[in-house]
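Worksheet for the structure shown next.
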Amino acid sequence: MTIAAASKVKRDLSSDDDDDVPLSQTLRKRKIDSASSASSHDDADPYDSDEAISKISKKKKTKRIKTEPLSSPPSPKKKTTTPKPKKIKKENSDVKVKATKKKKEQKKKQEEEDQEAEDQKLKDEEDEYKWWEKENEDDTIKWATLKHNGVIFPPPYQPLPSHIKLYYDGNPVDLPPQAEEVAGFFAALLESDHAKNPVFQKNFFNDFLQVLKENGGTLNNVELKEFSRCDFTKMFDYFQVQKEQKKQLTSQEKKQIRLEREKFEEDYKFCELDGRKEQVGNFKVEPPDLFRGRGAHPKTGKLKRRVNPEDIVLNLSKDAPIPPAPEGHKWGEIRHDNTVQWLAMWRENIFNSFKYVRLAANSSLKGQSDFKKFEKARQLKSHIDAIRRDYTRNLKSKVMLERQKAVAIYLIDVFALRAGGEKSEDEADTVGCCSLRYEHVTLKPPNTVIFDFLGKDSIRFYQEVEVDKQVFKNLTIFKRPPKQPGHQLFDRLDPSILNKYLQNYMPGLTAKVFRTYNASKTMQDQLDLIPNKGSVAEKLLKYNAANRTVAILCNHQRTVTKGHAQTVEKASNRIQELEWQKVRCKRAILQLDKGLLKKEPKYFEEIEDLTKEDEATIHKRIIDREIEKCQRKFVRENDKRKFEKEELLPETQLKEWLEKVEEKKQEFENELKTGEVELKSTWSSVEKIKAQVEKLEQRIQTSSIQLKDKEENSQVSLGTSKINYIDPRLSVVFCKKFDVPIEKIFTKTLREKFKWAIESVDENWRF
DNA sequence: ATACATACTTAGCAGCCACCGC
DNA sequence: GCGGTGGCTGCTAAGTATGTAT
């Protein structure tokens, strides 16, 4: 195969021949052209040694089983060169933060808010640390000084009132509080899917019994043996009532509570990094709960235990004051490691892995990492041609390992697959590129491939695509007997081999960089296609469409919301009703002037398009809706009156309302029979009605577009790509060039996260 | 090379709350 | 003004990647 052939991989290899094809089309069924000439040696068996099948065995088991006492975590890394702390700037940043908080309190007053924002901006300009304007030094050292106040622990368990209990075989069970807490975790989920999942039930019940045993068993000698004999409903109901009560609080009370909480959290929400005040991300320690693994997770439902101060390692400057541990406790360890970003960590008990407390997304450290990530992806631009040329050539390599690498990189590049590291048996069975198995890929000659597997978060990846002919051939070889379902497709590959290979092209190049690169490249290309015209709303729609192609490329999905089908139906009913109203208007016009039918027959065609059945359906829908409305109104009104101790509305009132509806119904029925519309007073002239028709058409138009947009977005999640894959500078440039306010594209938090991008590019910047 | 340990990014979802159409 | 709805945010699970010891 030639280099030219390689560059025909459709999506964006040298975006020449199909620049004008909307990506949305090519993405659904991505086609890969192939000019490969199948010469005989291509088919030579590339297995260059007979250990070929040796690694075929399914996946390896067990990892992370290593246990280590929490009290003695591994020693910190050696690199503890602590550069001298920079001078600390004074209270300026303090003031700023308070201003932000105050802002939250006051609603409405737009001007005031604007003013304040303006003020803040000024302050920002004075003393904000603009790291992106500085030279970038050593990045193995993350900070010079770090001070913080530790972490917030969840409140201790509050036992339930004594009349709320778990029931076993119908008998109340007295649980020690520690066990009651665990039972409560389950009870709270009673109506969720988790509670119906047998694995979840089993894992929960085991751990629950364990905790019960640890605490001396039940207090009233009920022996719990089977999950199915437990009744959590009383507990569940109690939680529901509590939730309801919380909701019932006045907005004043809610506000009060919120303010108190914010005040308490203030000290933990911020830390001091190199003398600057920066936000901490997850300063709250995760509360105990039942582990909610995604997909078919073997450990789902297990108890995630409470974390104590003794479990926590704090990381801060040597000279920083050590925050006091909660009363009667001490910290597990204090560390001074400035080669890492985390402020605190602990080991969790589900996988025995670590959880970290780190800085917020708007912090300088995170911003710098983010910036670096996108710069690395941009660097790939100057290597991508060589990489594609090489993998295209290596698709025919005599060496099996090379062929596998070539195909893998092809898949990662073209279909944006993840690297696909090995997983242990106690995790959900999900895969990425390197861990693809026989059954995940179906080959349909001549060159169609169906991918069907569960990826990260057990999100299904399903695509039927055409691939390069040589890729197809290779996949056929990778699936040859004795391989069978359960066997690895890339039996000689893992991400580290792949990454090592990739680093030959460019330092720091790894599989994931391709996702960033292709996502941002796609976005750039899509934005380039948008004409600079129309309203802001129209431009936004186009921006979102571009965003959507990226999300589809990266397979970012979301579950359709519960009410989605209903919402769609409602919306299309509305549109249908608008159409119907239009027809009525046109009928009315004819009633005013019959002669028009001959003059403009086209205009009145729609009248015939509406069938009697459809019309009757619409009538019924409207009437039903109105009846319901009356009834609801009646009930509501009386509820209110009851509450205020006023006299209730008599039934006759309801009847009166309903009679009005009945009249309308008669009118509709008559209209259906005769085809004659009762002329409204506003329909005094043909012109007026025509104007109304125009309005209706406008509404139909917008409603239809909105509906379509909603439908297309129902399964696609735009946020993930916007937050993680699309270089934010692209969006900034788009806004600048197209006069779209950045607020329309980035929420407040995103604007803070991407401050570096917003302030650093002009409108000529390109990815 | 493998196995494990560590640290950092990416991911979807629940719940809340502001806003919008009636 | 009211109730539903969609957008945001917080949360934490689930990935990727690299360093270190064996």
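We name chains A, B, ... by the order of the sequence lines, and we start the count at 1 in each one.
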Rounded distance (Å) that lies between atom [atom2] of [N] and atom [atom1] of [X]:
X       : N       : atom1 : atom2 : value
I350(A) : dC11(C) : CD1   : P     : 19 Å
Y356(A) : dA5(B)  : OH    : C1'   : 8 Å
K355(A) : dA7(B)  : NZ    : C1'   : 14 Å
W143(A) : dC8(B)  : CH2   : C1'   : 17 Å
R347(A) : dA7(B)  : CZ    : C1'   : 13 Å
D426(A) : dG15(C) : CG    : C1'   : 15 Å
L290(A) : dA13(C) : CG    : P     : 11 Å
D429(A) : dA13(C) : CG    : P     : 20 Å

Base, backbone or nothing for each nucleotide of nucleotides 9-17 of chain B, written B, S, -, heavy atoms under 4.0 angstrom, 5' to 3'?
BBSBS----
Nearest-nucleotide comparison on DNA chain B, the residue closer to the 5′ end among R574(A) and S496(A)
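Checking each residue's closest nucleotide, the 5'-ward one belongs to S496(A).
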Categorize [X] for me: base, sugar-phosphate, or nothing, with a 4.0 angstrom heavy-atom threshold over every strand shown.
X       : value
G719(A) : nothing
G420(A) : sugar-phosphate
K753(A) : nothing

Can a side chain N or O of T749(A) be found less than 4.0 Å away from OP1 or OP2 on dT9(C)?
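Yes, T749(A) has a side-chain N/O under 4.0 Å of OP1/OP2 on dT9(C).
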Does T430(A) place a side-chain N or O at less than 4.0 Å from the phosphate oxygens OP1/OP2 of dG15(C)?
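For T430(A), the contact criterion (side-chain N or O under 4.0 Å from OP1 or OP2 of dG15(C)) is met.
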Please tell me which of H297(A) and T510(A) maps to the more 5' nucleotide of DNA chain C, matching each residue to the nucleotide holding its nearest heavy atom.
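With H297(A) and T510(A) compared, the 5'-side residue is H297(A).
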As an exercise, state the distance from OG of S721(A) to CG of N555(A), rounded to the nearest 0.5 Å.
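Separation between the atoms: 11.5 Å.
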Salt bridge or not between [X] and [Y]? Use side-chain N to carboxylate O under 4.0 Å.
X       : Y       : answer
E266(A) : K269(A) : no
K405(A) : E402(A) : yes
D311(A) : K355(A) : no

Plane angle bin for F204(A) and F186(A) - parallel if under 30°, tilted between 30 and 60°, otherwise perpendicular:
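Taking F204(A) first and then F186(A), their aromatic rings lie parallel (interplane angle under 30°).
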For R515(A), which residues count as a salt bridge (Lys or Arg N to Asp or Glu O under 4.0 Å) partner, sequence neighbours excluded?
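Residues passing salt bridge (Lys or Arg N to Asp or Glu O under 4.0 Å) with R515(A): none at all.
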dT9(C), dA17(C), dC8(B): which one has an atom nearest the side-chain heavy atoms of K142(A)?
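The answer is dC8(B), which lies nearest to the side chain.
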Show me, pair by pair, the donor-acceptor contacts under 3.5 angstrom made by side chains of residues 357-365 of chain A, not counting sequence neighbours?
from: N362(A); atom 1: ND2; to: Q279(A); atom 2: OE1; distance (Å): 2.7
from: N362(A); atom 1: ND2; to: E752(A); atom 2: OE1; distance (Å): 3.4
from: S363(A); atom 1: OG; to: A360(A); atom 2: O; distance (Å): 2.7
from: S363(A); atom 1: OG; to: K366(A); atom 2: N; distance (Å): 3.3
from: S364(A); atom 1: OG; to: R276(A); atom 2: NH2; distance (Å): 3.3
from: S364(A); atom 1: OG; to: E278(A); atom 2: OE2; distance (Å): 2.6

